[in-house]
Amino acid sequence: MVVRNELSDDEIDRVFHALAASTRRDILRRAIESEHSVSALARDYEMSFAAVQKHVAVLEAAGLIVKRAEGRERLVRADPTMIARARALLARYEELWRSRIDRLDVLLAEPAGGTAGTDPHDPDRTDTQGA
């Protein structure tokens, strides 16, 4: 099985939208720990069963969880593949920012002006060319 490493813009939007709500993050956390029925999930929130179903639907649309039927119950579990893909995306963002910080460190470490002694009209010029 080939696992795609890149997320489309639509997938990224769905993942971040799904993770934007604390209830959905909690549902995902619980689904990572173990499989739960939607009704068992709903018992732990002060909202209607329908509201929990909507949260589960958003997570499912983002690919962060999968549902399966077992009799009359709908069981929810996390999808580690999509979670890994989202994590890889965040790692790429982190790498981008770390490289920017590294470049900034290099710039800040350079002496003021960075080019002292190279301007022929600079009185502090160290070579004797043109003198």
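These numbers come from the heavy atoms of this one structure, side chains and all, not from hydrogens, waters or symmetry mates.
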What is the distance from atom [atom1] of [X] to atom [atom2] of [Y], rounded to the nearest 0.5 Å?
X   : Y   : atom1 : atom2 : value
R85 : L90 : CZ    : CG    : 13.0 Å
S37 : R43 : OG    : CZ    : 5.5 Å
T23 : E46 : OG1   : CD    : 10.5 Å
I32 : D79 : CD1   : CG    : 10.5 Å
E94 : L96 : CD    : CG    : 10.5 Å
S8  : R14 : OG    : CZ    : 6.0 Å

### Query
Above 12 or not: heavy atoms from other molecules or residues under 6.0 Å from CZ of R72?
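Counting other residues, nucleotides and ligands, CZ of R72 stays at 12 neighbours or fewer.
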### More than 12 heavy atoms of other groups within 6.0 Å of E95 CD
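No, CD of E95 has 12 or fewer neighbouring heavy atoms, counting only those of other groups under 6.0 Å.
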### Task
Kindly determine whether L28 and L19 satisfy side-chain contact (heavy atoms from CB on, under 4.5 Å), including the steps that lead there.
CA-CA 9 Å; L28 180 60; L19 296 175; 3.8 Å; yes
Is it the case that one hydrophobic cluster holds both [X] and [Y], taking links as side-chain heavy atoms less than 4.5 Å apart, direct or via other members?
X   : Y   : answer
V58 : V76 : no
L59 : Y45 : yes
V56 : I83 : yes

### Query
Hey, are the side chains of Q53 and R74 touching, using non-hydrogen atoms and a 4.5 Å cut-off?
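Contact flag for Q53/R74 side chains = no.
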#### Entry: Minimal non-hydrogen separation, F49 against A42, with atom names
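In terms of heavy atoms, the two residues are closest at CD1-CB, 3.6 Å.
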### Message
Can you list everything that forms a side-chain contact (heavy atoms from CB on, under 4.5 Å) with I12? Sequence neighbours excluded, please.
### Response
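I12: side-chain contact (heavy atoms from CB on, under 4.5 Å) contacts with L7, D9, F16, L89.
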### Any residue meeting side-chain contact (heavy atoms from CB on, under 4.5 Å) with S48, in chain and number order, not counting sequence neighbours
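A50, A51.
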Distance-only criterion, 3.5 Å: show the donor-acceptor pairs between side-chain atoms of residues 62-69 and protein atoms not counting sequence neighbours.
unit_1	atom_1	unit_2	atom_2	d
R68	NE	E35	OE2	2.9
R68	NH1	E70	OE1	3.1
R68	NH2	E35	OE1	2.9
R68	NH2	E70	OE1	3.1

